[in-house]
Structures are given as structure tokens and as C-alpha cells.
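To start, the structure itself, in C-alpha cells.
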Amino acid sequence: MYCCRSETHNVPATMSHPPPVSCIPNTAKMSKAKKVIEEAKEINNPEIDLVDKGISSLDEIPGLFSLENITRLTLSHNKLQVVPAGLANLINLEILNLANNHIEELPISLSSLPKLRILNVSLNRLYTLPRGFGAFPVLEILDLTYNNLKEQTLPGNFFMMESLRALYLGDNDFEFLPPEIGNLKNLQILSMRENDLIEVPKELGQLARLRELHLQGNRLVVLPPEIGTLDLASNKSVLRLEGNFWVPPIEDQLKLGPSHVLDYLRSETYRVLYSRHMSAKPPPPPQTLDKSKKASRARS
């Protein structure tokens with residue numbers, strides 16, 4: 001069987017069988033990327049779509065950073081490892097999609113983009129975020145799902161992005177959620193699913209606009225009573241709690257539905273249970289997920 005990896009193999013012209021359609025040589029994909037840029041320049045297109053073009057470096061696309069008029073740049077499903085600081089030249093950018101690449105670090109300059117509203121860096125290989133990352137002035141949606149982030153690697157100003165409406169941190173390595181989460185007063189969606197959370201802070205209860213909270217697949221045993229004050233019981237709200245190690249009373253209420261859990265969290269009975277649990281400081285449940293095989297752990 002012929003193994004085609006376009007970045008390292010050229011298909012011999014004498015082959016009797018044509019290669020599979022998916023094995024487009026890298027040069028062909030790159031010329032398509034350049035064509036997209038040239039056409040965008042010609043018609044002044046503000047939206048650049050470079051999905052799945054086999055791009056391993058943005059240096060291979062001359063002229064990209066000179067397109068100051070573009071508002072949307074999609075670079076998902078490529079092989080990028082580095083995001084150049086020059087991306088910050090795209091001062092009118094509102095939407096940046098870098099999902100499903102091999103990115104291990106982001107440039108400090110990214111947070112200086114004055115109009116960026118949506119940033120998707122999910123499905124990459126990030127272990128840290130750059131210093132000052134929380135300086136985005138108008139960012140509303142931040143998707144960092146499926147990386148290798150944890151509370152110790154977040155920059156000091158991460159929770160100063162007061163314009164954030166949706167924060168996706170699922171499939172990372174968080175054991176604790178910092179209390180500064182309470183600063184994100186406009187947050188409507190928070191996803192922390194499939195982490196290693198053993199505790200969440202009472203400051204979550206300060207997020208009055210929160211309508212979706214995803215905590216499934218963690219190592220949680222109790223929740224702060226303050227979470228009971230959140231408006232997460234309506235038909236348009238989402239509260240996901242399954243796949244944790246809840247104390248029996250929470251587990252029993254969860255079987256009846258999320259609204260029953262919220263009612264129980266507000267009860268005096270639960271406040272006593274929670275206080276006793278926190279005073280006893282029992283050891284956290286064991287890790288049940290082996291994350292060593294995650295794609296985000298792969299090294300280029």
C-alpha cells in the first residue's frame with residue numbers, strides 16, 4: 001500500500017495506480033492557499049477561508065499579513081505549529097479560527113487585536129498562554145477546548161476579559177477553577193467538561209448571566225451552595241453534572257433533574273453537609289482518565 005504524506009513524499013510519475021484523492025501534494029494545496037489570497041486582494045474580500053490547505057507555516061503565504069481589511073480568517077484543519085506575531089497586523093480582524101492545528105504557543109501580540117470578538121484555538125497542543133493574554137479589549141467567545149492547559153499556566157490577567165460571553169475550557173487539565181472567574185460578569189456559557197476538577201469556587205455564583213454550565217466528566221464531590229442561586233433551571237438553560245463523584249444526596253437529586261440539584265444546593269440541609277465536607281478535607285477522587293494518549297500531547 002502506498003503511503004502518502006504529502007509533506008515528505010512526491011508521487012512518482014511512473015506509478016501505475018493513481019494516488020488516493022485525499023493525497024494532494026503539499027505544493028498543490030499551497031498554491032490553492034496563495035490563490036485564495038490573490039483573489040481576496042482583487043475583490044477586497046474581508047473573509048479569508050484557508051481550511052485544510054496543508055499549511056504548516058504562515059510564512060508560506062506571502063501577502064496574508066498585508067490584508068488589513070479582513071475581518072474573518074479561518075485557518076482550521078492545517079498543520080500550523082507557530083502563530084507569527086505579524087498576525088496582529090490584521091487590525092480589523094473580528095473572527096480568528098485556528099482550530100485543529102499543531103500549535104504549541106501563541107504570540108503575545110495576539111491580544112492587541114482591537115476588534116477580535118471570536119477566537120477559536122481548540123484542538124491544539126497548548127500547555128501555556130502568553131503573558132498578558134487577557135488584554136483582548138472586545139473578545140466575546142474564546143474556545144480553548146482540547147489542549148493541555150491548567151490553572152497554574154493561565155496568565156495573571158486571564159479573568160480580566162469582562163467582554164467574554166462564552167468560555168470553552170473543556171478537555172484540558174484543570175484541577176481547580178480560580179476564584180477570579182467571578183470577574184467575568186457577562187459570561188453566559190462556561191464549559192469545563194472532561195477536566196480533572198476537584199473543586200469549583202463559590203465565585204461561580206456571581207455569574208448572574210450564566211445560562212450554560214458544563215461540569216460533566218470531572219472529579220467533583222460537592223458544589224458550593226452559591227451555585228444554587230444561578231438561573232440554570234429554565235428550559236433555555238443547560239446544567240451538565242454527570243460523570244462526577246457526587247455525595248449521595250446530590251447524586252439522588254441529579255437523577256430527578258438539574259433543577260432538583262439547584263433546589264437542594266439552596267437548602268439549609270445542604271449548607272450543613274457542604275460545611276462539614278469542606279472542614280473534613282477528604283482526599284479527592286482518583287483520576288480516571290488517562291490523558292497521556294491525547295492528540296494534544298503529541299510532539300511534532
Side-chain angles (χ1 to χ4, degrees), residues 3-11 19-41 45-111 113 116-130 133 136 139 141-149 168-172 293-300:
C3 175
C4 176
R5 290 190 49 180
S6 55
E7 71 272 27
T8 55
H9 295 283
N10 290 316
V11 180
V21 175
S22 61
C23 293
I24 303 169
N26 210 30
T27 50
K29 284 199 172 189
M30 285 313 305
S31 63
K32 284 187 177 182
K34 289 174 184 173
K35 188 177 179 184
V36 169
I37 300 299
E38 287 165 9
E39 288 177 353
K41 283 181 179 176
N45 186 357
E47 300 188 357
I48 306 292
D49 185 347
L50 293 169
V51 175
D52 193 20
K53 294 287 189 289
I55 304 166
S56 56
S57 170
L58 293 183
D59 296 334
E60 300 167 7
I61 312 175
L64 175 60
F65 296 152
S66 65
L67 298 176
E68 289 189 11
N69 67 304
I70 64 173
T71 59
R72 180 197 292 256
L73 176 58
T74 305
L75 286 158
S76 53
H77 303 280
N78 283 292
K79 298 170 185 176
L80 292 172
Q81 295 179 34
V82 176
V83 179
L87 197 64
N89 294 342
L90 306 178
I91 56 173
N92 287 300
L93 207 57
E94 296 178 19
I95 300 171
L96 176 58
N97 188 344
L98 295 164
N100 201 359
N101 278 278
H102 303 163
I103 299 166
E104 296 183 7
E105 62 179 295
L106 296 170
I108 292 175
S109 62
L110 202 60
S111 58
L113 286 166
L116 197 68
R117 293 184 298 104
I118 300 173
L119 175 60
N120 187 345
V121 203
S122 62
L123 289 155
N124 276 286
R125 300 176 183 178
L126 296 171
Y127 281 87
T128 61
L129 295 173
F133 185 80
F136 289 100
L139 196 65
I141 299 172
L142 175 58
D143 192 344
L144 293 164
T145 305
Y146 207 91
N147 280 283
N148 307 302
L149 300 169
Y168 299 93
L169 292 171
D171 285 287
N172 278 283
K293 303 285 194 297
K294 276 181 69 177
S296 60
R297 295 280 202 273
R299 287 293 180 182
S300 302

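In this text, all values refer to a predicted model and were calculated from it rather than measured experimentally.
In this structure, the separation between CG on L58 and CG on L98 is 8.0 Å, given to the nearest 0.5 Å. With values rounded to the nearest 0.5 angstrom, N97 atom CG is found 9.0 Å from R72 atom CZ. A distance of 7.0 Å separates CG of L96 from CG of L75, quoted to the nearest 0.5 Å. Atom CG in N172 sits 7.0 Å away from atom CG in N148 (nearest 0.5 Å). Of the inter-residue distances, the one linking L80 atom CG with N124 atom CG reads 8.5 Å to the nearest 0.5 angstrom. Taking OG from S122 and CG from L169, the interatomic distance works out to 11.5 Å, rounded to the nearest 0.5 Å.
Remark: the backbone N or O of L50 is paired with a side-chain donor or acceptor of N78 at under 3.5 angstrom. Between the side chain of D59 and the backbone N or O of P84, no donor-acceptor pair lies under 3.5 Å. For N89 (side chain) and L87 (main-chain N/O), no donor-acceptor pair under 3.5 Å exists by modelled atom type. Listed for the N92 side chain is no donor-acceptor partner under 3.5 Å among the backbone atoms of I70. Distance alone, capped at 3.5 Å, is enough to place a donor-acceptor pair between the N147 side chain and the R125 backbone.
Between P107 and P130, the shortest heavy-atom contact is O-CG, 3.7 Å. The shortest non-hydrogen separation linking E68 to I91 is OE1-CD1, 4.1 Å. What you find for F133 and L119 is that their closest heavy atoms are CZ-CD2, 4.0 Å. For the pair L126 and L129, the tightest heavy-atom approach, listed with the atom from each and the gap, is CD1-CD2, 4.2 Å. Minimum interatomic distance between S66 and K41 (heavy atoms only, all atoms of both residues): OG-CE, 4.2 Å. Nearest heavy atoms, H77 versus N101: N-ND2, 4.1 Å.
Looking at heavy atoms from C-beta onward, L73 lies out of side-chain contact with L67 at the 4.5 angstrom threshold.
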| request: I would like to know whether T71 and I95 meet side chain to side chain contact (heavy atoms under 4.5 Å, CB included); could you show each step before the answer? | output: CA-CA 6 Å; T71 59; I95 300 171; over 6 Å; no

| task | Assess whether side chain to side chain contact (heavy atoms under 4.5 Å, CB included) is satisfied between I48 and I37, documenting all intermediate values. | result | CA-CA 7 Å; I48 306 292; I37 300 299; 4.1 Å; yes

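Checked against ring-ring contact (aromatic ring centres under 6.0 Å, His included), Y146 has no partners two or more places apart in sequence or in another chain.
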